[in-house]
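Accompanying notes for the structure given below.
The sequence lines fix the lettering, A, B, ..., with proteins before strands; numbering per chain opens at 1. Just so we're clear, the structure is a prediction, and the values are computed from it rather than from any experiment.
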Amino acid sequence: MEGAHSTGVSGVLCADHKGLCLGVRGKASNASSGTVAALAERVAMLEPGSLDPVILLESDNSQCLIHRNSGITLAVYKSPETS
Amino acid sequence: MHGIGRVPDEVGHLILSEDGAVIASGGELENAEQMANTVLCMLTRINKGQLWPGDSGDAFKKISITYTDHSYVICLSNKNIHIVKRRFVPHEPIKV
């Protein structure tokens with residue numbers, strides 16, 4: 001959760017393999033943990049033999065990076081106003 | 001032609017309709033129905049789930065799925081879902 005203090009990061013969320021929120025900081029909602037975990041799970045099925053990829057969702061004003069490692073899914077929210 | 005093929009380092013493309021039907025495909029994504037199903041599930045999950053804090057309703061314009069040596073880029077254009085697979089060779093960091 002130390003990344004929550006990095007430049008540009010507005011929020012951080014951690015979820016376990018079942019979508020349970022393990023921790024949240026900044027402008028992130030624990031209600032997103034299920035969606036984040038489900039996204040990571042679904043994308044991992046694309047290439048079962050490869051390491052889990054990094055998912056980047058970009059909108060006009062914000063970004064959300066999602067990565068799963070060892071069953072823990074991390075979502076990092078970035079927005080310009082926190083740069 | 002759909003204009004795909006001008007994306008640098010593209011090795012495959014897939015175009016889906018709003019309901020997930022494959023409109024065009026080529027390269028490594030030719031007839032990639034599993035990719036189509038996965039992308040549709042992802043988009044459905046993103047639209048239904050609360051991914052962004054609060055109720056800002058921030059609609060995502062582009063989705064990138066990045067592996068070690070290739071990536072998939074997904075975007076919506078003209079009511080179709082465009083997916084491009086791109087190869088890249090990671091550069092070694094510059095040592096100063």
Side-chain angles (χ1 to χ4, degrees), chain A residues 1 4 9-15 18-21 23-69 73-82, chain B residues 7 11-14 16 20 22 25 27-77 81-90:
Chain A
M1 295 307 222
V9 175
S10 61
V12 176
L13 177 145
C14 264
K18 292 190 176 181
L20 175 69
C21 181
V24 62
R25 289 288 187 273
K27 293 183 180 179
S29 168
N30 57 4
S32 306
S33 61
T35 301
V36 166
L39 269 178
E41 173 77 23
R42 194 68 176 127
V43 168
M45 295 179 190
L46 264 179
E47 297 188 4
S50 301
L51 292 173
D52 284 349
V54 175
I55 308 164
L56 170 62
L57 300 105
E58 297 179 79
S59 68
D60 287 334
N61 302 311
S62 53
Q63 295 176 328
C64 177
L65 294 110
I66 299 171
H67 182 51
R68 187 176 73 170
N69 192 352
T73 303
L74 177 71
V76 177
Y77 295 90
K78 301 181 74 175
S79 56
E81 60 264 21
T82 54
Chain B
V7 176
V11 294
H13 68 270
L14 186 61
L16 311 176
V22 177
S25 63
E28 294 187 14
L29 294 182
E30 187 152 13
N31 300 322
E33 290 190 7
Q34 187 195 5
M35 166 66 73
N37 291 334
T38 299
V39 168
L40 208 60
C41 285
M42 280 182 61
L43 295 177
T44 304
R45 174 69 64 176
I46 290 168
N47 284 333
K48 287 186 177 179
Q50 183 185 347
L51 191 63
W52 198 254
D55 194 21
S56 62
D58 221 3
F60 290 101
K61 299 291 176 68
K62 187 171 82 172
I63 301 170
S64 304
I65 302 169
T66 305
Y67 292 85
T68 52
D69 61 352
H70 64 280
S71 64
Y72 300 95
V73 182
I74 304 160
C75 63
L76 191 68
S77 176
I81 303 164
H82 293 251
I83 305 155
V84 173
K85 181 176 180 178
R86 301 176 68 184
R87 289 257 181 232
F88 67 85
V89 179

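Contacts of A:Glu41 classified as salt bridge (charged side-chain N to carboxylate O under 4.0 Å, His left out), with partners at least two apart in sequence or in another chain: A:Arg68. Looking at residues two or more places apart in sequence or on another chain, you find a salt bridge (charged side-chain N to carboxylate O under 4.0 Å, His left out) between A:Glu58 and B:Lys62.
A side-chain donor from one of A:Ser62 and A:Ser59 sits under 3.5 Å from a side-chain acceptor of the other.
Heavy-atom pairs under 4.5 Å with chain B peak, among A:Leu65, A:Leu39, A:Ile55, at A:Leu39. Counting heavy-atom pairs closer than 4.5 Å to chain A, the top residue among B:Thr66, B:Thr68, B:Ile65, B:Ile63 is B:Thr66.
Of the two parts of A:Gln63, only the backbone, made up of N, CA, C and O, holds a non-hydrogen atom closer than 4.5 Å to a non-hydrogen atom of chain B.
Ring-plane geometry between B:His70 and B:Tyr72 is classed as perpendicular, the angle between the planes exceeding 60 degrees on a 0 to 90 degree scale with a lower cut at 30.
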